[in-house]
Amino acid sequence: MDDDQTAEQESLFPKSTGDKLREARERLGLTLADIAASTRVPMRHLEAIELGDYSGLPSSTYAIGFAKAYARAVGLDEKAIGLEVRGNPHLPAAPTTVYEPYQPRDGKSLPSRGVALVAGAIAVLLLIVVAIWYSTSLFRGSSDAPLAIPSDNSIAAAPEPTPAPVGGGQVTLTATEGVWLKIYDASGKTLLEKILAQGERYDVPADANNPMIVTGRPDQIQVTINGSVVAPLGSGKLAIKDVPISAAALQARGTETAAPAPASTPSPADASSVPPAFRPTPRPTERPTPRPTPSAAAVPDALSPPVTAPTSTP
């Protein structure tokens, strides 16, 4: 009769999960400290599970996990205990993560509008400088720049040459444009005969026997002695021939007074040796206009001889 009453009471007033765990622990003669040592669950959480107060637990996941560990330690069905705890209405809700946009609270840490404008202007200037640097030779020297050639052959208009050592030096010819030339020595031996491309250089042998040059465009050849520019060989109006180009001869030319460089007028045979593309174009010469010869009608009567009428012989 007592067992029936006990079963009826249990059906009317079911035991809580905490009561089941506590009674199982007491039957085994264990304390909460023993359960905490075996499960590594803090005692305060075990006490809260026995009392059914889950508000002090971090979350529902922790509450279910701690209860199942408690059930394993006292020999109860951990799955059944876990389902009971999961269905408890007082179980703490899972925390929700709220993402809030970051808003700087200290406006002093942000750069002012003026600083931002100055920084932008500096960046634009840097870009312009870089573009100029790589697109032009404004800020850097360029060895490929065309050489300036004076329009006439006067020493005053030519760049002032730096005097080379007297009595010797390396003579170098540099073509400012494509130009034909022939270099030979006093014995007639040809040292060079070709068309120099723009920027191409030729070093005249220092031991050559009185080297000379013939070309149709001397204005397209820059002459240097040991890297120092000397007076040009000619203005380009006439071809030159038998012009000495040794260091001593060029230094002697540099000491002359300002006057056109001597250029020998080539004979028809010499001019034929110069390629047509590199011969200077002759300028038309002015011819004097012939004066009209007065006709006999325009001679005054006073200058005309008297006309005598023929006389008849009786």
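This structure is a prediction, so every number in the text was calculated from the model and none was measured.
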Starting from [Y], can I reach [X] by hopping between I/L/V/M/F/W/Y residues whose side chains sit under 4.5 Å apart?
X    : Y    : value
L126 : V118 : yes
W133 : L125 : no
Y62  : L83  : no
L51  : L76  : no

Taking atom [atom1] of [X] and atom [atom2] of [Y], what is their separation to the nearest 0.5 Å?
X    : Y    : atom1 : atom2 : value
N226 : S228 : CG    : OG    : 6.5 Å
T174 : I221 : OG1   : CD1   : 9.5 Å
M43  : E50  : CE    : CD    : 9.0 Å
L192 : I183 : CG    : CD1   : 5.0 Å

Strictly by modelled atom types, are [X] and [Y] linked by a side-chain donor-acceptor pair under 3.5 Å?
X   : Y   : value
E78 : Y70 : no
D53 : S55 : yes
T17 : E84 : yes

Using side-chain heavy atoms (C-beta onward) and a distance below 4.5 Å, is [X] in contact with [Y]?
X    : Y    : value
H45  : L57  : yes
I35  : L30  : yes
I240 : P218 : yes
Y54  : I49  : yes
F66  : V85  : no
L32  : E47  : yes
Q198 : Q220 : no
I245 : L173 : yes

Might you point out which heavy atoms bring [X] and [Y] nearest each other, and give the distance in Å?
X    : Y    : answer
A36  : V41  : CB-O, 3.3 Å
L196 : A175 : CB-CB, 3.7 Å
A247 : I225 : O-CD1, 4.0 Å
K20  : K15  : CE-O, 3.8 Å
L250 : P244 : CD2-O, 4.1 Å
G216 : A239 : CA-CB, 3.8 Å

Evaluation steps, salt bridge (Lys or Arg N to Asp or Glu O under 4.0 Å), between R217 and E177: CA-CA 10 Å; R217 293 301 303 269; E177 295 183 16; over 6 Å; no
Trace of the side-chain contact (heavy atoms from CB on, under 4.5 Å) decision for V179 with I195: CA-CA 5 Å; V179 59; I195 297 176; over 6 Å; no
Full working for side-chain contact (heavy atoms from CB on, under 4.5 Å) between V230 and T224: CA-CA 6 Å; V230 299; T224 59; over 6 Å; no
Test side-chain contact (heavy atoms from CB on, under 4.5 Å) applied to Q222 and V229, step by step: CA-CA 7 Å; Q222 185 191 47; V229 181; 3.6 Å; yes
Less than 3.5 Å apart, which donor and acceptor atoms pair up between the side chains of residues 199-213 and the rest of the protein, not counting sequence neighbours?
from	atom 1	to	atom 2	distance (Å)
E200	OE1	A197	N	2.9
E200	OE2	K194	NZ	2.7
D203	OD1	T172	OG1	2.8

Listed once per pair and sorted, the ring-ring contact (aromatic ring centres under 6.0 Å, His included) pairs that draw on residues 207-240, sequence neighbours left out: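 Output for this query is empty, none listed.
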Main-chain N/O of D19 paired with S16 side-chain donor or acceptor, under 3.5 Å: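 Between the backbone of D19 and the side chain of S16 there is a qualifying donor-acceptor contact (under 3.5 Å).
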Candidate pair V223 and L233, rule side-chain contact (heavy atoms from CB on, under 4.5 Å), full reasoning: CA-CA 8 Å; V223 185; L233 299 174; 3.8 Å; yes
